[in-house]
Amino acid sequence: MRYFSTRNKAEGVSFARAALTGLAPDGGLFVPEVIPPYPEPVKSSLGTMDFHDIALETIKPYVQGEIPHPVLEDLVLAAYPFTAPLIPVGDRLVLELFHGPTAAFKDFGARFMARAFAYLRRGEEKPLHILVATSGDTGGAVAAGFYGVEGINVTVLYPQGRVSPLQERQIAGLEGNIKALAVEGSFDDCQRLVKTAFSDENLQKRKALSSANSINIARLIPQSIYYAAAAGKAFAGKTDPPLQESSPWAACGAGVQEKPIPVPGQAITFCVPSGNFGNLTAGMYAMKMGAPIRGFIAATNVNKTIPDYLLSGLYEPRSSQATISNAMDVGAPSNFERMTAQWSLEELRRVLQGVWVHDEATRKIIREVHKTQGYFLDPHTGVAWQGCNQLRRSCSLGVPVGVLATAHPAKFAEIVEPLTGQVPVPPSLKQLREPVAQIIPADISALLEVL
Ligand SMILES: *Cc1c(COP(=O)(O)O)cnc(C)c1O
């Protein structure tokens with residue numbers, strides 16, 4: 001498979017090149033030259049296939065000729081010791097994506113990317129050094145994703161005192177090949193330091209540097225897996241049993257099923273809580289590959305650049321506003337460029353409906369779903385659930401509706417618990433160790449010295 005920059009369709013590169021460089025040299029994002037359809041036998045058995053087999057079939061065509069089949073098999077087994085259950089709650093299906101080590105869906109992308117990097121750089125003498133600045137969430141997923149992966153070292157910069165205690169333990173509780181630097185400054189300072197380090201010629205000579213940016217194609221592709229698996233299941237009329245609190249994965253309330261859903265033979269509509277729109281783009285890839293998906297609802301908080309775009313046809317990026325679903329506080333979604341490079345506005349409108357939700361409505365729905373269904377929503381999942389409700393009033397949605405649960409509510413206990421009472425804490429979050437970070441001033445010489 002060749003990959004092209006969204007800004008230059010003339011010159012293709014390999015998967016390895018696209019993955020290891022992240023951003024194209026012209027500033028564009030890498031997109032595959034085609035979105036490969038599932039072979040017919042795969043397409044018709046998505047509902048009964050094992051998660052790892054779906055992972056394999058989904059990723060295979062994108063890395064053909066670069067990652068051999070047996071290696072890819074080992075890779076997906078190592079990346080995904082957890083799955084993505086589809087749980088009936090009320091008249092919805094919830095796709096729980098928070099059973100990985102950081103209790104958020106970014107584990108699916110980060111864990112594959114880390115292992116793919118390690119394989120693609122096999123035999124290289126210098127270890128790869130990943131430098132990443134985080135305002136909180138990405139750092140945890142990247143650190144956990146690369147933790148223990150041979151041949152790769154990671155340095156995460158975060159603003160000291162400006163991430164939550166839980167986030168700090170996720171970023172700085174790992175050690176080993178992960179180094180955490182608490183910067184005496186803001187997130188912008190952290191980003192500036194990373195950028196300056198990347199342009200330091202001396203450092204470039206000494207080290208093989210890379211970023212693990214969220215726009216990396218190697219993070220995007222594996223996010224299609226759970227869409228295909230869930231759509232296949234729903235089409236076959238199946239769901240998963242809710243996880244019990246005693247299970248090794250976190251239960252999040254059992255939910256009450258109102259009627260037997262889904263009815264077999266119906267394609268699902270996914271409601272996706274969105275920020276940078278990587279998750280939603282991956283869903284559109286899964287649909288294009290042939291997974292039985294009817295369409296998508298793009299749900300945002302007040303940072304509603306894309307819902308506005310779908311209505312008006314005008315793309316107007318803006319600066320972001322802070323909300324309780326802070327992983328979606330994005331005013332200029334980076335994957336917009338990828339979506340519009342692959343689909344016209346008309347095509348997008350055919351499969352995508354936009355909706356946006358106020359914090360107050362999000363709080364209200366978290367309270368209500370817990371009260372009526374016994375199920376805990378995190379603020380991001382709350383946006384998606386409420387977004388569905390708002391659309392249901394103005395237009396009919398396809399049945400069944402799948403809501404993507406992108407984080408475990410215990411990660412946002414300070415917001416959720418005042419609305420619901422105590423949230424069960426998943427083992428992955430209980431086991432986090434105390435943070436061990438080196439504190440550095442917001443100064444490039446301090447960073448270079450550490451590196
Ligand atoms: C990152 C994140 C999102 C947004 O995903 P995008 O791919 O950026 O649209 C939603 N929810 C949670 C919990 C996240 O961490």
Side-chain angles (χ1 to χ4, degrees), residues 29 84 94-111 113 132 134-145 163-164 166-167 170-171 212-227 250 252 270-286 296-301 303-307 309 320 323-339 352 354-357 362 366 376-387 403-413 415-416 426 428-429:
L29 278 66
V94 176
L95 178 54
E96 292 186 347
L97 301 175
F98 48 70
H99 298 295
T102 72
F105 86 97
K106 289 190 177 68
D107 286 332
F108 284 94
R111 290 178 64 84
M113 178 174 65
V132 55
T134 184
S135 59
D137 249 22
T138 304
V142 169
V163 302
S164 77
L166 187 117
Q167 285 173 330
Q170 286 188 326
I171 297 164
N213 212 295
S214 68
I215 46 84
N216 197 302
I217 191 74
R219 254 176 89 166
L220 190 100
I221 290 166
Q223 291 179 357
S224 299
I225 303 166
Y226 47 75
Y227 284 98
C252 198
F270 285 114
C271 189
V272 188
S274 296
N276 263 323
F277 281 77
N279 202 2
L280 201 134
T281 305
M284 295 195 46
Y285 281 27
F296 301 90
I297 297 165
T300 69
N301 55 33
N303 295 285
K304 58 189 177 68
T305 306
I306 300 252
Y309 166 75
S320 66
T323 72
I324 57 169
S325 47
N326 60 16
M328 305 183 344
D329 293 348
V330 181
S334 49
N335 278 289
F336 177 79
E337 184 166 336
R338 204 172 245 144
M339 290 164 81
L352 247 186
V355 66
W356 63 278
V357 178
T362 304
I366 293 172
F376 296 90
L377 303 174
D378 96 288
H380 306 80
T381 311
V383 166
W385 192 291
Q386 171 62 17
V403 172
L404 271 67
T406 48
H408 193 283
K411 279 194 92 170
F412 299 92
I415 295 157
V416 177
S428 61
L429 299 183

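As the structure lists them, so they are numbered: ligands from 1, and atoms in each ligand from 1.
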Point to revise | P273 near ligand 1 by a heavy-atom separation under 4.0 Å | key: yes
Exercise for review: Please report which non-hydrogen protein atom sits nearest to atom 5 (O) of ligand 1, along with the residue it belongs to and the distance in Å to one decimal place.
Suggested key: F105 CZ, 3.4 Å
**Study point:** Close-contact set for ligand 1 against A407 heavy atoms, below 4.0 Å
**Key:** 13 (C)
Study note, to complete from the structure: Filtering H380, K106, K411, M328 for the heavy atom nearest atom 14 (C) of ligand 1 leaves K106
Exercise for review: Give the atoms of ligand 1, by number and element, whose distance to some non-hydrogen atom of G278 is under 4.0 Å.
Suggested key: 6 (P), 7 (O), 9 (O)
Check your understanding: Where do H380 and P273 come nearest, in terms of heavy atoms and distance?
Key -> O-CB, 3.2 Å
Exercise for review: Taking all non-hydrogen atoms of both residues into account, name the closest pair between A141 and K106 and its distance.
Suggested key: CB-CB, 3.8 Å
Check your understanding: Of all heavy-atom pairs between V403 and A384, which one has the smallest distance, and what is that distance?
Key -> CG1-CB, 3.8 Å
**Study point:** Polar contact flag for A327 and ligand 1 (N/O pairs, less than 3.5 Å)
**Key:** no
Point to revise | Interatomic spacing from CE in M328 to CG in N279 - rounded to 0.5 Å | key: 10.5 Å
Practice item. Looking only at distances, please establish whether an N/O atom of ligand 1 is found under 3.5 Å from an N/O atom of N279. Key: yes
Review point. Got the closest protein heavy atom to atom 4 (C) of ligand 1, with its distance?
Key: G275 N, 3.7 Å
Exercise for review: Could you check whether the rings of H408 and F98 sit parallel, tilted or perpendicular, using 30° and 60° as the cut-offs?
Suggested key: perpendicular
Review point. Considering only protein heavy atoms, which is closest to atom 11 (N) of ligand 1, and at what distance to one decimal place?
Key: T406 OG1, 2.8 Å
Check your understanding: Got a second to check how far I366's CD1 is from L377's CG, nearest 0.5 Å?
Key -> 6.5 Å
Study note, to complete from the structure: Correct closest heavy-atom pair for V357 and Q386 would be CG1-CG, 3.5 Å
**Study point:** Within-cut-off N or O pair, F277 and ligand 1, under 3.5 Å
**Key:** yes
Review point. Please state which protein non-hydrogen atom is closest to atom 8 (O) of ligand 1 and give its distance, to 0.1 Å?
Key: N276 N, 2.8 Å
